[in-house]
Amino acid sequence: MMLCGGLLSASAQTAREEIGKNVWLAGSNYLDYDRQLPSFNYTKPPKGYTPFYFSHYGRHGSRWLIGKDDYERVIRPLRKARQEGKLTREGQETLRKLEIFNKTTNRRLGDLTTIGERQHHGIGRRIAQHFPEIFKTKGVAIDARSTTVNRCILSMVAECEELMAANPTARIHNDVSDALQYYLNQRWEGVVKEEGDKTWPARHEFAQRNTHPNRLMNVLFNDQKWTSDSIDKKTFMIHLFEVCINMQSHEEGALDLTKLFTPEEIYDQWRIQNVGWYVNYGAAPLTKGVMPFSQFNLLTNIIETADTCVQLGKTQATMRFGHEVCVLPLACLMELDSCGVAVENLDELDLHWQNYKIYPMGCNIQLIFYKPKKAGGDILVKALLNEREATLPVQPTATPYYYKWSDLRAYWKKKLNDFKKQ
């Protein structure tokens, strides 16, 4: 679906209102999964249908920042200012707090935090509770696979612990290997890489135009000429916001510096990230809508594995664990809800597409397959995005959120085949 610049969606103010009520939503991919749990009031399946196969891809839980310089690049300018007497009292207190926290990051970059582990225990526990017909079946086979990154492996372990606790007879197979990377963590390649490499100017221009650092600089530094001469103010503000907003990945009270930013500054910083992730992974016209096809191999694996499991007809589950750079484009490729929307005017993207609804820490896509108790009926499938019922891009059955697998499979296969021909 194409949305032109002047067209407003029904939820025109939703993102601003939601972030105004819950500042942590502005964290985009750093959002703590548990801060926006749904009601879990699921639509019952059509009469005579029961779930028998569960297919899943999930991101690791909350983590420390991942880059070697993510914390230091914020602390260095503040230390320099302190040495030269250019920090305000607020600046000194901010630096003091950051230096204390920075000690906890030693050799921890990218690691799963206790919050992240807790998220996956909760997800695994709820999966077993919501689909007992699958996960509490005696001897159910659960195939769980992860990328080779520690935080993903530990996230898999946390969920599998809950599944085993719910059903000690479950036969869980865990697999971690470079041999799985081609679909669990597929990199940009081909036309996807060609288009993705062109996004930097648009992302940079949007970030520069929507970052307004002067008020914050006055809060932290007492000499604005020195600040202009010594610091890249816009870049520093973006980096500081990243450190501050990811504090939700740690235990409550670890460090809250969000009050350094005004509500408008917070919203602008979120919009910058929203645009950046959209043009790199969404169905943006800027990239000819090809970026979701970075998950060609993953969706192919989901379809082919489902075909095998549907044919077998046995109660079983496939669990896959990886990263948000897979969940986000996969949700767009699968066209869950409005994830695959095309928006021409990036200045209005926030009105139509909100990243925090797709890929918080611990985000996941679940496909639940249902079979009729009587032979000869259609196999049905339902999708959950972050445990919320999601629409799919084919005609539903008379029961909302339930679709014929044959229809959905044909739609996705055609989409993948058409792309392959390009």
Side-chain angles (χ1 to χ4, degrees), residues 24 26-35 58-80 94-121 146-159 176-178 180-181 184-188 203 207 231-232 235-258 260-261 269-270 272-273 276-277 280-281 321-328 355-356 359-364:
W24 299 111
S28 301
N29 60 318
Y30 297 128
L31 173 63
D32 173 6
Y33 186 89
D34 292 341
R35 291 181 185 270
R59 180 196 185 191
H60 59 76
S62 290
R63 57 165 171 76
W64 269 266
L65 292 180
I66 203 167
K68 293 181 180 179
D69 203 37
D70 283 352
Y71 296 98
E72 287 290 341
R73 67 189 181 186
V74 172
I75 292 174
R76 276 197 305 271
L78 292 171
R79 282 178 177 158
K80 180 179 179 181
T94 298
L95 176 57
R96 184 188 70 82
K97 291 177 179 178
L98 287 171
E99 287 183 322
I100 291 173
F101 181 82
N102 193 41
K103 295 177 183 178
T104 71
T105 72
N106 183 40
R107 303 176 72 87
R108 279 290 188 183
L109 297 177
D111 282 0
L112 192 72
T113 66
T114 55
I115 296 288
E117 182 183 26
R118 191 179 307 153
Q119 290 159 357
H120 281 280
H121 275 287
S146 169
T147 70
T148 56
V149 179
N150 284 344
R151 59 184 175 273
C152 301
I153 298 170
L154 292 174
S155 296
M156 175 179 69
V157 168
E159 286 197 26
V176 179
S177 172
D178 282 333
L180 309 176
Q181 293 290 95
L184 287 180
N185 193 15
Q186 184 180 359
R187 301 298 185 185
W188 281 359
R203 291 187 289 119
I231 296 174
D232 181 339
T235 299
F236 174 77
M237 182 178 186
I238 291 171
H239 290 165
L240 177 61
F241 183 78
E242 181 182 23
V243 170
C244 294
I245 207 67
N246 189 50
M247 288 302 166
Q248 63 187 298
S249 292
H250 303 276
E251 295 293 347
E252 197 73 32
L255 182 61
D256 185 357
L257 294 175
T258 57
L260 287 173
F261 302 86
Q269 288 300 304
W270 169 73
I272 290 167
Q273 292 302 314
W277 284 91
N280 271 355
Y281 296 98
F321 294 86
H323 308 267
E324 85 272 46
V325 294
C326 301
V327 174
L328 175 56
N355 59 12
Y356 54 80
Y359 69 144
M361 295 287 190
C363 59
N364 56 90

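Annotation: salt bridge (charged side-chain N to carboxylate O under 4.0 Å, His left out) contacts involving residues 240-250, sequence neighbours excluded, comprise Arg73-Glu242.
Listed by chain and residue number, Asp32, Glu252 satisfy the salt bridge (charged side-chain N to carboxylate O under 4.0 Å, His left out) test with Arg35 (two or more places apart in sequence, or in another chain). A search for salt bridge (charged side-chain N to carboxylate O under 4.0 Å, His left out) contacts involving Arg59 returns Glu324, not counting sequence neighbours.
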>> Using ring pair (Phe, Tyr, Trp, His ring centres under 6.0 Å), reason through Trp64 and Tyr71 one step at a time and then give a plain yes or no.
In response: CA-CA 10 Å; Trp64 269 266; Tyr71 296 98; 8.6 Å; no
>> Let's go through Arg151 and Glu117 carefully: what are the C-alpha distance in whole Å and the side-chain angles of both, what is the deciding distance for salt bridge (charged side-chain N to carboxylate O under 4.0 Å, His left out) to 0.1 Å, and is it a yes or a no?
In response: CA-CA 9 Å; Arg151 59 184 175 273; Glu117 182 183 26; over 6 Å; no
>> With side chain to side chain donor-acceptor pair (under 3.5 Å) as the criterion, how do Trp188 and Asn280 come out once you've worked through the C-alpha distance, each side chain's angles and the decisive distance to 0.1 Å?
In response: CA-CA 10 Å; Trp188 281 359; Asn280 271 355; over 6 Å; no
>> Evaluate Leu257 against Met247 for side-chain contact (heavy atoms from CB on, under 4.5 Å), listing each step before the verdict.
In response: CA-CA 9 Å; Leu257 294 175; Met247 288 302 166; over 6 Å; no
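For the atom pair CD of Gln119 and SG of Cys363, the computed distance is 10.0 Å after rounding to the nearest 0.5 Å. To the nearest 0.5 angstrom, Trp277 atom CH2 is 4.5 Å from Asn29 atom CG. Here the OG atom belonging to Ser62 is positioned 6.5 Å from the CD1 atom belonging to Ile115, to the nearest 0.5 angstrom. Expressed to the nearest 0.5 Å, how far CG of Leu240 lies from CD1 of Ile245 amounts to 11.0 Å. Atom CG of Leu95 and atom CZ of Arg79 lie 7.0 Å apart (nearest 0.5 Å). The distance from atom CE of Met361 to atom CG of Asp34, rounded to the nearest 0.5 Å, is 12.5 Å.
Formation of a donor-acceptor pair under 3.5 Å by the Asp70 side chain with backbone atoms of His239 is not found in this model. Side-chain atoms of Asn102 never come within 3.5 Å of backbone atoms of Glu99 as a donor-acceptor pair (strictly under, hydrogens ignored). Thr113 places a side-chain N or O within 3.5 Å of a backbone atom of Gly116 that can act as its donor or acceptor partner. Here the side chain of Asp232 pairs a donor or acceptor atom with the backbone of Thr235 at under 3.5 angstrom.
A centroid separation of less than 6.0 Å is found between the aromatic rings of His250 and Phe101.
In this structure, the side chains of Tyr356 and Ser28 stay at 4.5 Å or more apart for every pair of heavy atoms. Using a 4.5 Å cut-off on side-chain heavy atoms (C-beta onward), Asp69 and Glu72 make contact. In this structure, the side chains of Gln248 and Leu31 come closer than 4.5 Å at one or more pairs of heavy atoms. Inter-residue side-chain proximity for Val327 and Asn364 is flagged as unmet; no heavy-atom pair is nearer than 4.5 Å.
When every heavy atom of Ser177 is checked against every heavy atom of Thr148, the shortest pair comes out as C-CG2, 3.7 Å.
Neither side chain, Asn185 nor Thr147, offers a donor N or O lying under 3.5 Å from an acceptor on the other.
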